[in-house]
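Have a look at the structure below before the remarks.
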Amino acid sequence: MSPRRAETGGRIDRLRTIRFTFDGAAYTGHAGDTLASALLANGVTLFGRSFKYHRPRGLLAAGVEEPNALVTVLRGEVREPNIPATMVEIYDGLVAVSQNRTPSLAWDIGALNQLGGKLLSAGFYYKTFMGPVIGPLKGTRFWMFCEHFIRRAAGLGKAGTAPDPARYERMNAFCDVLVVGSGPAGLMAAKAAADQGVRVILADLEAHFGGSANWSDEIIDGMPAADWAQRAVGQLEGNDNVRLLPRTTVWGYYDGNTLAALERVTDHKETPAKGEPRQRYWAIRAGTVVLATGSFERPLVFPGNDRPGVMLAHAAERYAVEYGVLPGQRIALFTNNDSAYRSAVALKKAGATIVAIVDVRADISNDMRRLAGEAEAELLDGHAVIATEGGKALTGLKVQRFDALSGALSGDERSIHADSLLMSGGWSPTIHLASQAGAKAEWDPARQAFLPPKPTQRWLGAGAFTGSFSTAEAIAEGRAAGVSAAGGTAAPAALPTVEAAPGDPDPAPVFEIKAKGKSFVDFQHDVTAEDVRLAHREGFVSVEHLKRYTTLGMATDQGKNSNVPGLAIMAEALGKPIPEVGTTRFRPPYTAVSIGSLAAERFGDLKPERLTPMHDWHIANGATMYSAGLWYRPMIYGLPGETVEQAYVREAKATRESAGIVDVSTLGKIAVQGPDAAEFLDRVYTNMFSTLAVGKARYGLMLREDGLAFDDGTTWRLGEQEFLMTTTTANAGKVMQHLEYFLDVIWPELKVTVTSVTDEWAGAAIGGPNARSILASCVTGTAVDNATLPFMGIVHGRIAGVPVMICRLSFSGEMAFEVYSGAGYGTHVWQALIEAGKPFGLVTYGLEALGTMRIEKGHVTGAEIDGRTTARDLHLDWMLSKKKPFIGSAMMDREGLIAPDRLELVGLIALDNRPLNGGGHVVEELDEDNPHDSLGHITACCYSPALGKYIALALVKDGKARHGTRAFVSDPLRNRFGPVEIVSNHFYDPDGSRMHG
């Protein structure tokens with residue numbers, strides 16, 4: 001028999017022995033044990049070391065809120081750190097190691113930090129390493145010296161570097177009712193909703209449904225609570241409209257009643273079954289949510305409250321009843337409320353000796369005195385624990401008379417021999433998901449706890465989550481919530497009867513016992529009560545500042561144990577009531593979520609690689625590819641021995657002399673359809689689109705709501721109610737979001753649908769003096785002469801038997817056409833165009849030549865539409881309609897956006913015939929030693945084969961007025977200085993005669 005395993009009791013399978021190792025030592029447990037319960041059964045009391053002081057720490061809790069017993073689980077070379085031992089189900093071959101210790105858990109050199117005293121108090125890293133003010137390490141140099149050592153000491157567990165071979169899944173689910181938590185309240189809510197015939201999902205983070213029923217000794221409907229819970233689970237399993245998700249943590253509550261959950265599918269198995277993922281990420285969209293998430297027992301703050309052997313009372317009760325493990329043989333309890341008495345009785349029944357119950361209250365009810373007698377415990381009412389004794393395990397405690405009203409201690413100290421001290425400081429409802437849903441928690445002075453806020457989304461609460469701590473209340477609230485969530489009405493029916501120990505759930509408002517010694521509030525981050533008071537003395541009066549300065553509540557448990565005691569101590573220091581001080585808002589995730597589960601099947605790269613339909617052709621024909629946003633596009637089609645500049649100059653020159661073709665499949669393409677499509681485009685674009693004729697295209701400009709330029713592109717009218725919008729490659733996703741937002745939120749009355757069709761179309765732009773001739777030689781079903789296909793006209797025909805849509809428009813400044821076909825035929829049409837172009841000397845060109853020709857022509861792209869420029873800055877004010885309002889029209893004339901000294905688009909010519917660089921500054925006076933007084937900056941640059949010079953586009957203050965003047969480029973990072981001439985941004989064919997043919 002294990003040292004602390006009771007001979008009987010618990011819901012473990014004593015016939016199945018599990019073998020595992022912890023810190024290299026072999027142990028055994030039973031099926032159903034957690035790592036925490038199995039180690040405790042083997043007499044292990046030391047589980048971890050604290051973050052800052054490296055103090056020895058034992059188990060504090062029995063669930064997800066455990067702050068001390070964090071371990072790293074090893075599976076081969078893969079390591080997963082910072083897992084509470086309370087949430088690790090043991091299996092044959094489990095390998096776990098402790099953390100934050102060197103060289104071992106028992107002998108940790110980091111414990112020397114405890115000698116640091118006040119040097120390591122709250123915010124020590126802000127204050128300690130900022131000197132000395134003299135010598136070689138003065139000022140921040142000392143901090144930089146210390147930083148290396150601080151970074152090595154930071155953190156708890158060590159992250160792994162080996163690739164994770166596990167498989168993860170992502171699931172989307174919808175239900176009418178999602179019930180979070182499967183205690184008595186959650187089970188009743190799920191059953192009541194299921195009986196109404198709606199679709200129900202019941203999720204619980206534990207391996208077994210039932211919650212507190214699994215470890216209470218209450219009787220429900222004449223049977224042990226655990227048996228009643230299993231009967232209820234069996235009834236739910238038989239319903240086709242119910243999905244049960246054990247081992248599933250609902251960790252995030254988002255808008256639209258969308259919740260995120262993580263299911264641990266095989267973490268408890270030595271070897272997953274065929275096809276089983278390790279974990280499954282659930283995105284659940286629920287009609288209504290029932291939050292039955294229970295509550296956490298709070299610790300009390302007193303000197304020595306962190307010593308191994310000091311544990312929460314309900315955790316000890318759970319270990320005894322659910323796992324058959326005693327936290328000690330001689331147990332004392334310290335409490336400010338009635339719930340600890342029930343725990344004392346349960347532990348007595350499990351075989352422990354209860355030596356004392358220390359209660360800060362002087363007025364104890366007769367019922368509690370009776371329970372103390374049943375536990376055969378000495379009752380010390382009006383007393384408090386003022387110290388604990390022992391090293392890596394508890395050996396005793398000291399108590400003294402205590403006045404709960406004044407907080408004063410009096411009388412002689414008394415020592416009590418005990419190897420386990422259980423504390424209960426009241427209960428805090430687990431309101432994290434409700435807080436995430438978007439409202440502020442409300443303080444209840446009777447419960448001395450924050451209760452859930454008023455719902456801002458479709459959720460209902462039940463049980464301890466609402467502050468109703470009795471099982472009878474939980475059952476009643478659960479049924480009512482389930483029926484209401486399902487939209488039904490409850491037929492009169494008797495609720496299950498509950499036989500439970502008596503008790504008042506309201507604690508005495510005592511959070512701290514002020515005595516000599518360190519009293520810990522946040523166990524994992526070593527935040528003491530004195531740290532909280534120090535933060536107050538140093539001016540940190542906001543709870544958010546308190547949290548960040550002391551790191552209170554910033555550990556892996558996210559303050560599940562420490563928040564309320566810490567706030568109470570801060571409130572006392574401020575002389576304000578707790579609700580006036582407030583509480584921090586809870587953020588997702590509720591517990592740690594593996595990155596693998598978030599990525600799920602989408603893994604291998606940080607971002608997807610998007611390839612155009614002609615990608616393989618480009619590779620096969622010598623293209624040098626590079627990433628442009630998410631897309632891979634040809635940079636150049638270089639000949640042997642050519643530099644990048646030589647290649648793009650050749651490609652651009654050949655296009656201007658004869659013809660060139662470029663892959664434009666990456667342009668954003670959005671189908672805008674519906675009776676109000678034209679009206680919608682009038683509102684979206686600065687210029688008019690409702691007057692656009694069918695079969696024509698128009699260049700359009702979009703502004704943001706603040707009046708700044710957002711995106712440009714052409715939109716084609718394919719029918720009275722059908723348009724094809726094209727956007728810049730980089731902004732395709734943002735434009736789609738922009739359109740959807742205005743349709744969904746601002747103008748929901750418009751009958752319009754927008755659909756991203758970027759991947760549906762392959763596109764090729766063919767331009768140059770011979771472009772029309774090349775098209776005419778290969779297009780059937782339509783003519784392409786000037787009368788049939790004028791500038792911005794659209795025709796439909798076929799190329800090599802494939803239906804195509806052709807629009808005459810130009811980005812290069814030459815006569816040009818964009819040819820679109822179905823993506824699956826992209827390469828076929830591309831090759832047909834190239835074959836038709838061979839007699840004309842057609843060249844393929846990449847992004848470098850494309851950019852060169854657009855700079856020569858003066859067209860703008862994302863480099864100029866950078867979120868800071870207006871239509872006027874870019875000389876596009878001719879597109880600002882005066883006949884209609886549009887997005888941004890109300891804000892575009894703000895004083896700052898029409899100021900005379902704004903940066904304006906200009907062209908630059910290098911007068912020293914040397915390359916220019918994007919980002920280089922333009923200055924009036926050159927000062928290489930002290931560059932200053934920038935007039936603006938270069939946005940794009942190239943060598944222009946049309947001009948035979950190095951040119952650039954730039955944004956320059958008073959740009960238009962400076963045409964014909966000289967300035968200098970100042971680029972100290974690349975040591976490029978030299979004279980430039982400021983000219984119009986239209987370097988080439990300014991009247992458009994070549995483009996219009």
Side-chain angles (χ1 to χ4, degrees), residues 1-22 25-45 47 58-66 69 71 73 83-96 182-183 204-218 223-234 244 246-247 264 266-271 311-329 331 343 345-352 420 422:
M1 182 63 63
S2 298
R4 293 190 178 183
R5 182 81 75 179
E7 294 185 7
T8 59
R11 294 180 175 82
I12 54 174
D13 185 353
R14 293 174 182 265
L15 299 179
R16 287 183 56 200
T17 298
I18 305 293
R19 291 170 174 80
F20 65 96
T21 65
F22 177 65
Y27 296 95
T28 61
H30 296 292
D33 265 325
T34 64
L35 179 61
S37 67
L39 288 174
L40 191 62
N42 281 278
V44 175
T45 58
F47 280 75
L59 287 172
L60 179 73
V64 70
E65 72 273 29
E66 172 58 43
V71 301
V73 174
I83 306 176
T86 52
M87 298 302 293
V88 178
E89 297 176 61
I90 64 170
Y91 54 84
D92 276 316
L94 168 69
V95 178
S182 69
D204 195 289
L205 55 79
E206 297 286 350
H208 304 287
F209 293 112
S212 62
N214 287 329
W215 57 82
S216 77
D217 61 353
E218 297 174 340
M223 65 183 74
D227 294 343
W228 173 86
Q230 292 313 303
R231 185 185 71 177
V233 173
L244 300 179
R247 300 185 177 91
R264 304 182 305 279
T266 60
D267 281 354
H268 61 292
K269 296 182 179 181
E270 181 180 3
T271 305
M311 186 185 294
L312 293 170
H314 99 282
E317 180 182 355
R318 181 176 178 185
Y319 284 119
V321 177
E322 189 169 11
Y323 302 107
V325 178
L326 297 175
Q329 294 300 322
I331 298 174
S343 300
V345 172
L347 289 160
K348 176 65 178 178
K349 290 180 179 178
S420 179
L422 312 180

From CG (Leu326) to CG (Leu40), nearest 0.5 Å: 8.5 Å

Hey, is Arg318 close enough to Glu206 for a salt bridge, meaning N to O under 4.0 Å? yes

Taken in chain and number order and not counting sequence neighbours, the residues that satisfy side chain to side chain contact (heavy atoms under 4.5 Å, CB included) with Thr86 are Ala36, Leu59, Glu66, Pro84, Tyr319

Residues two or more places apart in sequence or in another chain: which of them pass side chain to side chain contact (heavy atoms under 4.5 Å, CB included) with Leu244? Leu202, Phe209, Val233, Leu236, Glu237, Val242

For Asp204, salt bridge (Lys or Arg N to Asp or Glu O under 4.0 Å) partners two or more places apart: none

Check against side chain to side chain contact (heavy atoms under 4.5 Å, CB included), Leu312 and Leu422: CA-CA 5 Å; Leu312 293 170; Leu422 312 180; over 6 Å; no

Listed by chain and number, what are the salt bridge (Lys or Arg N to Asp or Glu O under 4.0 Å) partners of Arg247, not counting sequence neighbours? Glu89

Stepwise side chain to side chain contact (heavy atoms under 4.5 Å, CB included) test for Val88 and Val73: CA-CA 9 Å; Val88 178; Val73 174; 4.3 Å; yes

For Phe20, give me all partners under ring pair (Phe, Tyr, Trp, His ring centres under 6.0 Å), at least two apart in sequence or on another chain. Tyr27

Which residues satisfy the salt bridge (Lys or Arg N to Asp or Glu O under 4.0 Å) test with Glu65, sequence neighbours excluded? none

Can you name the residues that form a side chain to side chain contact (heavy atoms under 4.5 Å, CB included) with Thr266, not counting sequence neighbours? Lys269, Pro272, Glu276, Arg278

Who pairs with Ser37 by side chain to side chain donor-acceptor pair (under 3.5 Å), at least two apart in sequence or on another chain? Asp33, Thr34

Test salt bridge (Lys or Arg N to Asp or Glu O under 4.0 Å) applied to Arg231 - qualifying residues, sequence neighbours left out: Asp221

By ring pair (Phe, Tyr, Trp, His ring centres under 6.0 Å), which residues pair with Tyr91, not counting sequence neighbours? none

Within the distance-only criterion (no hydrogens, no angle test), does the side chain of Arg4 pair as donor or acceptor with the backbone N or O of Pro327 below 3.5 angstrom? yes

Tested for side-chain contact (heavy atoms from CB on, under 4.5 Å) against Phe47, the lone hit among Leu35, Leu39, Leu60 is Leu39

Would you sort out whether Leu94 and Glu270 count as a side chain to side chain contact (heavy atoms under 4.5 Å, CB included), showing the intermediate values? CA-CA 7 Å; Leu94 168 69; Glu270 181 180 3; over 6 Å; no

Side chain to side chain contact (heavy atoms under 4.5 Å, CB included) partners of Asp217, counting only residues at least two apart: Lys349

